[in-house]
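Presented below is the structure to which this report refers.
Because only heavy atoms are used, hydrogens play no part in the values below, and waters and symmetry mates are left out as well, while side chains stay in. On a predicted model such as this, the values are computed, not experimentally measured, just so you know.
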Amino acid sequence: MPFLIACFLIIGSLVVGVVSVQALVAQSSFRMQELSRRNSELTQASGRLQLQIAELSAPRRIAKEARRLGYQLPDPGQLQTVAVKGRP
């Protein structure tokens with residue numbers, strides 16, 4: 001009889017251990033899915049922001065905005081260059 005009780009205790013504890021490990025694996029799987037989804041969202045957001053940066057830094061857009069603000073290119077006679085020793 002003591003042998004049967006010992007066997008039931010060992011088998012019961014093994015079953016509880018296996019079920020616990022399965023629950024941990026399932027939780028990890030759900031966490032991985034959530035992180036993967038979040039990674040996809042952030043990748044898409046990054047792509048949208050990179051596109052916005054490219055659009056805002058386009059030379060035509062900057063020139064158009066400068067004209068709108070009243071800026072204009074100087075006359076060629078107004079430009080002067082300064083030579084600095086040691087610099088090409």
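Closest of all the heavy-atom pairs between Glu55 and Arg61 is O-CD, 3.6 Å. Taking each heavy atom of Leu79 and Pro74 in turn, the nearest pair found is CD2-CG, 3.6 Å. Among all heavy-atom pairs drawn from Leu56 and Ile62, the shortest one is O-CG1, 3.9 Å.
Of the possible donor and acceptor atoms, none in the side chain of Ser36 sits under 3.5 Å from a partner among the backbone N and O of Met32.
Grouped with Leu69 in one hydrophobic cluster are Tyr71, the linkage being side-chain heavy-atom contacts under 4.5 Å among Ile, Leu, Val, Met, Phe, Trp and Tyr residues.
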Name every donor-acceptor pair, under 3.5 Å, that has one atom in a side chain of residues 14-29 and the other anywhere in the protein, sequence neighbours excluded.
residue: Ser20; atom: OG; partner: Val16; partner atom: O; Å: 2.9
residue: Ser28; atom: OG; partner: Leu24; partner atom: O; Å: 3.0

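Sorted by first and then second residue, the salt bridge (Lys or Arg N to Asp or Glu O under 4.0 Å) pairs with a member in residues 15-42 read Glu34-Arg37, Arg37-Glu41, Arg38-Glu41; sequence neighbours excluded.
Taking CD1 of Ile5 as the reference point, atom CD1 of Ile10 lies at 12.0 Å (rounded to 0.5 Å).
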